Each structure stands twice: as C-alpha cells, then as structure tokens.
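Counting starts at 1 for both ligands and their atoms, in listed order. No experiment lies behind these values; they were computed from the predicted model shown.
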Amino acid sequence: MRNVVLSLLGTTLDRAPDGVRWERWRPTVSLFQHEDFLIDRLELIVNGPHRELADQVASDIRMVSPESEVRIHSIPWQDAWDFEEVYGSLMDFCQSYAFNRDEEQYLAHLTTGTHVAQICLFLLTESRHFPGRLIQSSPPQRHQSIAGRYSIIDLDLSRYDSIAARFHKQSMDGLAFLKNGIATRNKEFNHLVEEIEKVAIHSHAPILILGPTGSGKTQLAKRIYALKRSRNQISGEFIAINCATLRGDTAMATLFGHTKNAFTGAASKRDGLLISANGGMVFLDEIGELGLDEQATLLQAVEEKRFRPLGSDMEVTSDFQVIAGTNRDLQHCVRAGTFRADLLARINLWTYRLPGLRERPEDIEPNILFECQRFEESHGRKIQFSQEAHKAYLAFATSPGASWDGNFRDLTASITRMATLAGPHRISPEIVQNEISRLRKSWLPTSHDHDHDPLVGLISGADLAQFDLFDQMQLRETVRVCQSCESISDAGRQLFQVSRLQKSSPNDANRLSKFLKRFNLDWKSIQPAPMGKSRG
Ligand SMILES: Nc1ncnc2c1ncn2[C@@H]1O[C@H](COP(=O)(O)OP(=O)(O)OP(=O)(O)O)[C@@H](O)[C@H]1O
Ligand SMILES: [Mg+2]
C-alpha cells in the first residue's frame with residue numbers, strides 16, 4: 001500500500017529563514033524525515049498567496065525524500081477562519097479526488113493550517129468524506145532528532161478496545177439508570193428502555209409516555225431528563241406541569257406568564273413555567289386532561305417556540321424539549337373531540353407505552369427486592385421475609401388474581417406496610433396473608449368503579465334504574481365530559497362537535513340541557529362540589 005498524506009501548508013510553522021531551514025522543525029517537511037515511515041505522495045493544499053513557500057517546502061521534501069511525489073493544490077480562501085468556506089472547499093476537494101483505496105492508504109495531517117481548517121479535516125475524516133486516518137506531528141523534545149514525532153489516529157473507534165468498552169459501559173449505565181437500577185427481566189420492557197435510552201441521548205423531539213397509573217411515567221420522565229443532563233444534552237431545568245390542574249385564566253398565566261394587571265390580582269409581571277423551562281425540559285403530566293383552549297395555545301408554543309404572555313402584545317421565545325405523559329388513550333380522545341388531532345400529531349413521534357406490573361410478572365421479584373432495599377435505605381434497618389412468607393407473597397403477586405391496579409404504587413405501598421408491621425422481625429406468613437387480603441379488597445371491581453362513577457351522588461340507583469342501560473351509559477359519559485368543562489357552552493361544543501361542523505345543531509347548550517332534563521338534572525347540579533373542583 002502506498003501512503004498518501006493530505007496536508008495544509010503551515011504558513012507560519014512550515015516557514016523558516018534560509019540559514020536555519022534545517023535546524024527548525026517544520027511539520028510538513030518533518031513528516032518526510034522519519035525513517036520508519038515512508039510517504040509516497042503529498043497532496044499539499046495551499047492558500048493562494050503562499051505559492052512560493054509551497055514550492056520551497058516541496059523542494060525541501062524532495063531533498064530529504066527524493067522518491068516522494070508532491071502535488072500542490074491552490075485553494076484561494078478569502079478567509080481561512082471562515083468555517084463554511086473552508087469546509088465547503090475541502091469537501092469539494094475530497095469529492096473530486098480519485099481515492100484508490102485498494103492501493104493507497106490516506107492520512108490527513110492535522111498539525112498545520114488554521115484551527116478551523118484542522119477541525120474541517122477532522123470532520124471530513126470522521127464522516128468518511130476523507131477515507132483515511134489522521135496524522136499528527138509534533139516538535140522534537142530535548143536530544144531528539146529534528147524530525148520530531150508523529151502519531152496516527154484512527155477514528156474508527158472499534159479499534160480502540162478500551163474506548164469502545166467505555167462507550168459500552170456508559171450505555172449500559174444509562175440503561176440501568178433509566179431502569180432505576182432494577183434488574184428487569186421482561187424482554188419487551190428491556191427493548192423499550194434500550195430504545196428510550198438512544199432517543200434520550202440523540203433526540204430533542206417530543207416524547208410521549210403512555211401507560212396505566214403507577215406504571216412509572218413520571219419517574220421515567222425525570223430519569224430521561226437526568227440522563228440527558230448527565231450527558232450534557234440539556235442545560236436548563238426540568239419543569240413538571242400537571243395538566244389536570246390547568247384550567248382557565250390562571251392556568252394560562254401559570255404556563256405562559258402574565259404582565260402586571262393582566263387580570264384582577266396580577267399585581268406584578270410574572271414569567272410563566274414555559275419561560276423557566278428555556279433550554280430545559282417540560283414534563284406535561286396527564287396531558288389528556290388539558291382543556292381545548294389550553295391545547296391550542298400550547299400547540300403554538302411547542303411548534304413555534306414563541307408565545308404571548310397574558311396581557312402582553314409582545315411575544316416571548318422559549319425553547320424546551322417536551323415530554324408528555326398520560327394514562328388516557330389519546331387517539332380515542334381525538335375521536336371524542338376532547339383532544340386536538342394536531343397537538344397529538346406534534347407530540348406523537350417517540351411514543352412509548354409502559355406496561356403495567358401485571359404485564360411484567362417476571363419483574364415482580366426484582367421489584368420486591370428493590371422496594372425492600374429502598375425501605376432499608378430510608379429507615380436504616382434490614383428487611384427480610386421468612387422463606388415461607390416470601391414464597392407465598394411472590395406466588396400471589398404473580399398470580400392472575402393480582403391485578404395490581406395501581407401498579408408500582410401498589411407494590412411500594414404493600415412492601416412498606418409489611419415492613420412496617422414486621423418491625424425489627426422478619427416478614428412472617430401471617431403478615432403476608434393479611435396483606436394479600438388487603439390488596440384483594442383494594443382491587444375489588446365494585447369499589448374501583450364506584451370511585452370513578454360520576455353519577456354517584458347525582459342520581460339515586462333506583463332513579464337510574466328507571467332508564468335503559470343505553471341511556472344510563474350515555475348519561476354517565478355526558479356527565480363525565482360536563483364535569484371536565486368550564487361552561488355549558490364548552491361542554492356543548494365538545495359533545496356535539498360533529499353536528500356543529502355539519503351545522504345541523506343550532507344550539508349545543510340547549511340540546512345538552514334538554515338531555516339532562518330527561519334525568520331531572522341540570523348544568524348546575526352536575527358540577528363537582530367545590531372541594532372536588534380544585535383538582536390536583
Ligand atoms: N420501574 C419501577 N420499579 C419500581 N418502582 C417504580 C418503578 N417505576 C416507578 N416506580 C415507583 O412507583 C411509583 C409510581 O410511579 P410514577 O409516579 O412514575 O407513575 P405514573 O405512571 O406517573 O402514575 P400516574 O399515571 O398516576 O401519574 C413511584 O413511587 C415510583 O417511585
Ligand atoms: Mg405520573
């Protein structure tokens with residue numbers, strides 16, 4: 001293989017007055033003064049006005065290495081410190097160069113030229129536009145020959161075992177970090193986390209995390225942020241916003257900020273959360289609960305990175321990465337008219353669904369261990385199951401009867417209860433049996449549904465039974481929508497979206513009132529009590 005070096009003429013370092021030419025270390029010439037390294041050809045790139053120096057260097061090279069060929073290429077840079085210009089012309093050079101990799105191996109000399117030119121050579125080599133390695137020359141140290149030293153750098157990292165091993169370790173650390181240090185055994189979950197790790201490191205695009213309550217969405221969002229931060233991918237803050245609590249003017253002001261006197265009570269100007277998130281990450285928790293107006297404004301902020309604080313006619317800018325979490329089926333919400341299709345499209349790029357605990361039975365054991373360790377750390381005492389107790393608990397926890405409705409939240413609470421009751425002793429089979437009954441009770445379907453039935457307290461079971469199941473179900477969903485709306489017109493808009501577009505329903509609010517009246521209900525009576533209203 002012939003060695004071919006690409007070098008930029010060093011207008012300072014390669015120059016030396018006649019009398020001391022052979023006493024000075026000159027990087028480009030020095031490359032030809034090593035007996036153990038023969039260069040067959042030099043492609044010397046010269047910036048226009050230095051042609052004379054280039055000829056001098058070429059003739060000196062012929063003196064020390066007569067068998068080497070030197071080709072001089074003039075590239076007239078206006079400004080050798082202009083990245084765009086230098087990169088562009090070096091790229092053109094590489095693209096028009098007839099590389100013959102079967103017979104020649106190429107080296108880009110990094111020691112001469114402006115720093116900008118050196119960076120460009122590095123980038124072109126790394127991107128394989130220049131299909132070779134880098135060579136670096138350095139001046140002689142005391143008692144060394146004038147040739148100095150050279151070293152060859154191969155950017156193909158796979159050749160550097162120790163670096164490759166470090167990268168691998170770093171990536172494994174990232175995975176373990178995202179998994180909270182829990183040795184999960186579920187194959188799909190591990191794949192999911194592997195992909196999330198890659199996306200977290202390489203992408204700035206929105207991430208949407210779906211999954212049932214307690215499956216770890218909030219925790220994962222925080223860990224993605226922490227991982228990005230540890231890899232210097234992000235510098236700003238992590239701002240968590242619970243969308244379920246955002247309604248009306250105050251919500252807009254909380255998000256987007258406001259001017260002084262923007263509304264009654266706005267005594268001074270305030271930056272909103274989205275401004276604080278500049279350069280950082282916004283976690284939009286429970287995004288499915290966001291009202292339609294807020295969705296519209298948020299969409300603009302996410303898309304254009306600009307928005308107008310309340311009461312201001314000046315736009316402000318803030319650039320942040322979005323992570324959203326929800327346990328709702330957002331596609332379904334779009335069809336129901338409660339979620340904007342364009343907002344979903346915007347955040348639905350990297351979408352991950354975290355499985356519930358029931359879907360990962362093989363992970364229950366490592367998670368029990370993790371919860372015990374967590375308790376030990378916070379309480380400073382050791383937690384242990386008796387062998388029999390552990391067996392019984394694990395058998396129950398992984399059985400189809402264990403629904404783990406609250407997922408990790410249930411598991412954390414369960415271990416905490418048992419550890420507390422055991423005191424300084426081991427967790428006994430009796431404690432486990434009691435805990436199993438308690439969990440079973442908490443997952444009873446009736447009590448669970450009851451919590452979420454919006455008709456409880458509005459209409460008695462006997463009255464409801466007067467209606468067909470068909471009507472009951474319609475009423476239940478209608479009340480659910482109404483309770484999430486600010487006004488009857490807002491509810492009307494959501495419920496009769498399709499008719500509105502077809503202009504077949506002149507008055508939504510009227511239509512809604514009539515429907516409620518059939519059940520002896522009206523708008524006021526179905527609104528949640530004040531305590532329940534201040535959600536979150
Ligand atoms: N992989 C995990 N292993 C063990 N515990 C976890 C794991 N992920 C989360 N947890 C714990 O479970 C609890 C619930 O997690 P988190 O709040 O992230 O759930 P969520 O999906 O955001 O729930 P919600 O939808 O109700 O907001 C937290 O206490 C968290 O520390
Ligand atoms: Mg959450």
Between Phe467 and Leu475, does a side chain to side chain contact (heavy atoms under 4.5 Å, CB included) hold up when you go through it step by step?
CA-CA 10 Å; Phe467 294 92; Leu475 177 67; over 6 Å; no

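Looking at ligand 1, you'll find an N or O of Asn367 within less than 3.5 Å of one of its N or O atoms. In terms of polar-atom proximity, Thr412 is not counted as a contact of ligand 1, lacking any N or O under 3.5 Å from an N or O of the ligand. On a distance-only criterion, Phe370 and ligand 1 share no N/O pair closer than 3.5 Å. Here's the thing with Arg360: none of its N/O atoms is less than 3.5 angstrom from an N/O atom of ligand 1. Considering backbone and side-chain N/O atoms, Thr213 comes within less than 3.5 Å of an N/O atom of ligand 1.
Electrostatic pairing of Glu188 and Arg360 does not count as a salt bridge here, judged by no charged N lying under 4.0 Å from a carboxylate O. The pair Asp522-Lys524 fails the salt-bridge criterion, with no side-chain N (NZ, NE, NH1 or NH2) lying under 4.0 Å from an Asp/Glu carboxylate O. A salt bridge links Glu477 with Arg480; the closest basic N to acidic carboxylate O contact falls under 4.0 Å.
With a cut-off of 2.8 Å, the Mg ion (ligand 2) has no N, O or S atom of Gln219 in range.
Here atom 5 (N) of ligand 1 lies nearest to Glu371 when heavy atoms of Arg409, Lys179, Glu371, Arg328 are compared. When Thr218, Leu178, Leu357, Ile209 are checked for heavy-atom proximity to atom 22 (O) of ligand 1, Thr218 turns out nearest.
Ala221 does not count as a contact of ligand 1, since none of its heavy atoms falls under 4.0 Å from the ligand. Taking 4.0 Å as the cut-off, Gly214 counts as a neighbour of ligand 1 on heavy-atom distance. Under a 4.0 Å heavy-atom criterion, Arg374 is in contact with ligand 1. Between Glu286 and ligand 1 there is no heavy-atom distance shorter than 4.0 Å. Under a 4.0 Å heavy-atom criterion, Ser215 is in contact with ligand 1.
Between Phe238 and Tyr225, the ring planes lie tilted relative to each other; the angle falls in the 30° to 60° range.
For atom 1 (N) of ligand 1, the closest non-hydrogen atom of the protein is Phe408 CZ, 3.7 Å. From the protein, the heavy atom lying nearest to atom 19 (O) of ligand 1 is Gly216 N, 3.2 Å. The nearest heavy-atom contact from the protein to atom 31 (O) of ligand 1 is Gln219 OE1, 2.9 Å. The protein heavy-atom contact nearest to atom 25 (O) of ligand 1 is Lys217 NZ, 2.6 Å.
Atom OG1 of Thr184 sits about 13.5 Å away from atom CD of Glu365, to the nearest 0.5 Å. In this structure, OG on Ser235 lies 7.0 Å from CZ on Arg229, to the nearest 0.5 angstrom.
Atom 28 (C) of ligand 1 lies below 4.0 Å from none of the non-hydrogen atoms of the protein.
In the vicinity of Pro212, heavy-atom distances shorter than 4.0 Å reach the ligand 1 atoms 21 (O).
Sparse packing is recorded around CD of Glu388, with 12 or fewer heavy atoms of other residues, nucleotides or ligands lying under 6.0 Å away. Under a cut-off of 6.0 angstrom, the local environment of NZ in Lys198 is sparse, with at most 12 non-hydrogen atoms contributed by other residues, nucleotides or ligands.
When each of Arg438, Glu435, Arg409 is checked for a side-chain contact (heavy atoms from CB on, under 4.5 Å) with Ser414, only Glu435 meets the rule. In summary, of the residues considered (Asp471, Leu458, Leu455, Leu469), a side-chain contact (heavy atoms from CB on, under 4.5 Å) with Leu464 occurs for Leu455 alone.
For Ser487 and Asp490, the side-chain atoms include no donor-acceptor pair closer than 3.5 Å.
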